[in-house]
Amino acid sequence: MDNFFPEGTRVWLRENGQHFPSTVNSCAEGVVVFQTDYGQVFTYKQSTITHQKVTAMHPTNEEGVEDMATLTELHGGSIMHNLHQRYKRDQIYTYIGSIIASVNPYKPIAGLYERATMERYSKSHLGELPPHVFAVANECYRCLWKRHDNQCVLISGESGAGKTESTKLILKFLSVISQQSLELSLKEKTSCVEQAILESSPIMEAFGNAKTVYNNNSSRFGKFVQLNICQKGNIQGGRIVDCILFRLVFCFLSTVFDSASRNCSCHKDG
């Protein structure tokens, strides 16, 4: 193992049950010194190092991947490292198959949510463009017509993660996409409904929010947003229900069961 860890080698160091992205600082006189990307330094006798303790890092994991389902080394350390590498390049969205993980940048990112960006994602399928919350919203809208069934988007995360902002972005995208299916004369009639839905969120947030360590305006309740879309593809109405978690789950299941019952009725009629 004399040349197993040359200086500068990128490795995964397992310490205290966690995997740390690390670099071999030196390997001389039977002693290997590792420095993690988080500033920690660990020194081991070379004779005590095993493959369970240290493994070489695959180049793709070092650069970061758009879909973490393609990671070569799959563990907590590689997931966090991949998100961190992309976060440093202002790539705050990352796929996990059909699921998207987002990291709050706590700053504006130029061009990320512009109208041109919406139009690009509205014309592409999931996975054809870099990960984005618009891609998930567009896939949901497409499946609505592909499967002729209700669609649900579940947004989850800790306080300050950006759940409320993600909800607003999805609503904004669906509002723009739904209006593309309308004639110019009808847009004015429906824009009032869509604008009311978008503007109602800040009003609802004024009740029941509280200050936390990570967020000055943290929701103390769940939020269930329902949109009613007609056969032409435009939003005709909707409702926003703020409630505790148990009732939020009830609203979600009610939507699913209502869809299932309607499908059963259709089969009986056929």
Between F173 and N138, is a side-chain contact (heavy atoms from CB on, under 4.5 Å) present by the stated rule, with each step listed?
CA-CA 8 Å; F173 179 87; N138 185 59; 3.5 Å; yes
Check the pair V32, T43 against side-chain contact (heavy atoms from CB on, under 4.5 Å), reporting the backbone distance first and the verdict last.
CA-CA 6 Å; V32 184; T43 303; over 6 Å; no
With side-chain contact (heavy atoms from CB on, under 4.5 Å) as the test, would you mind laying out the steps for L83 and T94 before giving the verdict?
CA-CA 7 Å; L83 291 174; T94 306; 3.7 Å; yes
Dump the intermediate steps for side-chain contact (heavy atoms from CB on, under 4.5 Å) on R86 and H84, then the final yes or no.
CA-CA 5 Å; R86 294 178 57 78; H84 182 61; over 6 Å; no
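Side chain of N82 to main chain of V65: a donor-acceptor pair is present (N/O by atom type, distance under 3.5 Å, no hydrogens or angles). Here the side chain of Q85 pairs a donor or acceptor atom with the backbone of E62 at under 3.5 angstrom. In terms of modelled atom types and a separation under 3.5 Å, the side chain of S166 and the main chain of G162 share a donor-acceptor contact. For K163 (side chain) and I155 (main-chain N/O), no donor-acceptor pair under 3.5 Å exists by modelled atom type. When atom types are taken as modelled, the side chain of H132 and the backbone of A135 share no donor-acceptor pair closer than 3.5 angstrom. A donor-acceptor pair under 3.5 Å is formed between the side chain of T36 and the backbone N or O of Q40. Formation of a donor-acceptor pair under 3.5 Å by the S124 side chain with backbone atoms of R120 is found in this model. Checked by atom type and distance alone, the side chain of R14 never pairs as donor or acceptor with a backbone atom of Q52 at under 3.5 Å.
Side-chain contact between L171 and L227 is present, with heavy atoms from C-beta onward closer than 4.5 Å. At a threshold of 4.5 Å between non-hydrogen side-chain atoms, the residues S78 and H81 do not count as touching. Side-chain contact between Q226 and N228 is present, with at least one heavy-atom pair separated by less than 4.5 Å.
Y38 is not connected to F42 by any chain of hydrophobic side-chain contacts under 4.5 Å among Ile, Leu, Val, Met, Phe, Trp and Tyr, and they are in different clusters. Residues W12 and M68 do not share a hydrophobic cluster, clusters being chains of Ile/Leu/Val/Met/Phe/Trp/Tyr side chains in contact below 4.5 Å. Under the 4.5 Å side-chain heavy-atom criterion for Ile, Leu, Val, Met, Phe, Trp and Tyr, V176 and Y113 are members of the same hydrophobic cluster. Under the 4.5 Å side-chain heavy-atom criterion for grouping Ile, Leu, Val, Met, Phe, Trp and Tyr, V54 is not connected to V31 through any hydrophobic cluster.
With sequence neighbours left out, E66 forms a salt bridge (Lys or Arg N to Asp or Glu O under 4.0 Å) with no residue at all. Partners of E29 under the side chain to side chain contact (heavy atoms under 4.5 Å, CB included) rule, at least two apart in sequence or in another chain, do not exist in this structure.
Of the N and O atoms on the side chains of E139 and Y121, not one donor lies less than 3.5 Å from an acceptor on the other residue.
Between Y141 and W145, the ring planes are perpendicular. Angles over 60° get that label, and only those under 30° would be called parallel.
Atom NZ of K45 has 12 or fewer neighbouring heavy atoms from other residues, nucleotides or ligands inside a 6.0 Å radius. Shown here is R89, whose CZ atom has more than 12 heavy atoms of other residues, nucleotides or ligands within 6.0 Å.
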Quick one: side chains of residues 17-26, donor-acceptor pairs under 3.5 Å with protein atoms, not counting sequence neighbours, listed by atom name and distance.
| residue | atom | partner | partner atom | Å |
| --- | --- | --- | --- | --- |
| S22 | OG | F20 | O | 3.0 |
| T23 | OG1 | R10 | NH1 | 2.7 |
| N25 | ND2 | Q35 | OE1 | 3.0 |

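Here the shortest heavy-atom pairing between A69 and G97 reads CB-N, 4.1 Å. Annotation for T72 and N61: closest pair N-OD1, 3.4 Å, computed over non-hydrogen atoms.
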